[in-house]
Number of protein chains: 2
Amino acid sequence: MSAKARRRTTAQLDRAAQVCAQQGAQLTDLRRHVFSLILEAGAPLTAYQLLDRLKLTHKGAAPPTIYRALDFLLEQHLIHKIERLNAFIPCVEAGHRHPAQFLICCQCGVVSEIENRAATNALEHAAEKEGFRPRNTVVEIEGVCAACFRPS
Amino acid sequence: MSAKARRRTTAQLDRAAQVCAQQGAQLTDLRRHVFSLILEAGAPLTAYQLLDRLKLTHKGAAPPTIYRALDFLLEQHLIHKIERLNAFIPCVEAGHRHPAQFLICCQCGVVSEIENRAATNALEHAAEKEGFRPRNTVVEIEGVCAACFRPS
DNA sequence: AGTCGATATGATATAATATTACATTATGGG
DNA sequence: CCCATAATGTAATATTATATCATATCGACT
Ligand SMILES: [Zn+2]
Ligand SMILES: [Zn+2]
Ligand SMILES: [Zn+2]
Ligand SMILES: [Zn+2]
């Protein structure tokens, strides 16, 4: 991990601590540790991948350990779950709830988060047209990312 | 089950058999049975819920039995998987691949499938703007359906 | 009919993902 | 200190999904 990346992670952890404090929640060492694993991964990690990594330094970690931390981070809007992968990534706009769309590259595995207003609006209108009140929308677009796409 | 609903199911099964035949695939008794369970459910069913129902008449059914049937039905575009629920529903436009959006009511559990062109386009453009080539898009909107919504 | 390959199903085991339940330990306000 | 709350520890179990190998079915071909 580069010095630059480490600085970024530290900044994100600090930001997260602020966000939690504002909500009257605490980013404990355990939660911070799990969050840092997600931040440093660069690709989505499943709960058990996180558990394996956590175990390296946190003997006695068990499934509830990781699922509780994940629930907390989700509640604080610090991470997102990618349903199709049963995996977790950091939120690029950490700390506040927002509509998002995820681009999942099936070649390199990278997932990037975008917030496209036109798409969000179109989905909301589509739902309203049916008399449906949206509360929480999941958009997961699988395909090939720009980096992986090469014209033949 | 009403006579009307039974006729509808029969028509859908016949339609499905045609669709499969055109693809050189066969809707065997087993697959047809699983599909009929999904058609008659009225709400999404998980693989193990289907397995339990299948076992009533098909002694010896096991997880692979149901997962194979589901894989087949997905390949033939006869059903959809709702990722957030790990559950399956019939496709309203059975037999051909198409972009869709799912409206999941968190009160009554009903999932309805819509195909909104504006939303599909907006998502495609959002992806392309990032240089991303979409292959398969999942849109699952959780909220309250028209039937469940009552003004206070 | 006999052989063959391809497809479908049977059967057992196991992997991967997630939750329940209850005990124990910090933490902070009174 | 005492208590309530939040957080974590620990064991067991539930749910979802796949791997593997055996058996059956079926049509094409000889
Ligand atoms: Zn986000
Ligand atoms: Zn890629
Ligand atoms: Zn459909
Ligand atoms: Zn409803």
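This is a predicted model, so every value here is computed, not measured. Order of the sequence lines fixes the chain letters, A, B, ..., with proteins taken first and strands second; residue numbering starts at 1 for each chain. All values below were derived from every heavy atom in this structure, side-chain atoms included, with hydrogens, water molecules and symmetry-related copies excluded.
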note: A/D71, atom CG; C/dA18, atom P; distance rounded to Å ~ 10 Å
Could you grab the distance from atom CD1 of B/I79 to atom CZ of B/F72, nearest 0.5 Å is fine?
-> 10.5 Å
In Å, rounded to the nearest 0.5 Å, how long is the span from NE2 of B/H33 to CD1 of B/I38?
-> 11.0 Å
Nearest-0.5 Å distance that lies between atom NE2 in B/H58 and atom CD1 in B/I66 = 9.0 Å
D/dA7, C/dT17, D/dA17: which one has an atom nearest the side-chain heavy atoms of A/R31?
-> D/dA7
B/I66 CD1 to C/dA11 P, in whole Å, measures 15 Å
Does A/K81 have a side-chain nitrogen or oxygen under 4.0 Å from the phosphate oxygens OP1 or OP2 of C/dA18?
-> yes
Is the ring centre of B/Y48 under 5.5 Å from the base ring centre of D/dT16, and are the two planes under 30° apart, so that they stack?
-> yes
Gap between atoms CG and C1', on B/D29 and D/dC26 respectively (whole Å) | 14 Å
Taking only N and O in the side chain of B/H58, is any of them less than 4.0 Å away from OP1 or OP2 of C/dG10?
-> yes
Do you know the tightest heavy-atom contact between A/L51 and A/P63?
-> CD2-N, 3.8 Å
Ignoring the backbone of B/T28, work out which of C/dA8, C/dT17, D/dT18 is nearest its side chain.
-> C/dA8
Rounded to whole angstrom units, what separation is found between the CD atom of B/E83 and the P atom of C/dT17?
-> 13 Å
Please determine, for the side chain of B/T46, which listed nucleotide (C/dA18, D/dG9, D/dT16) has the closest atom?
-> D/dT16
Roughly, in whole Å, what's the span from CG in B/L51 to P in D/dA14?
-> 16 Å
Any chance you could measure A/L37, atom CG, to A/L54, atom CG, to the nearest 0.5 Å?
-> 6.5 Å
Starting at the 5' end of DNA chain D, which residue's closest nucleotide do you reach first, A/F72 or A/P63?
-> A/F72
Please check the phosphate of D/dA17 (OP1 and OP2 only) for any side-chain N or O of B/N86 closer than 4.0 Å.
-> yes
Any side chain to side chain donor-acceptor pair (under 3.5 Å) pairs touching residues 130-149 of chain A, not counting sequence neighbours?
-> A/R84-A/E142
What one-letter contact string describes nucleotides 20-30 of chain C from 5' to 3', where B marks a base within less than 4.0 Å of any protein heavy atom, S marks contact via sugar-phosphate atoms alone, and - marks no contact?
-> BB---------
Residues that B/H98 engages under ring pair (Phe, Tyr, Trp, His ring centres under 6.0 Å), provided they are two or more places apart = B/H80, B/H96
Mind calculating the distance between CG (A/L45) and C1' (C/dA18) to the nearest angstrom?
-> 17 Å
Tell me: CG of B/L70 to P of D/dT15, nearest whole Å?
-> 18 Å
What integer distance in Å separates A/K59:NZ from D/dT8:P?
-> 18 Å
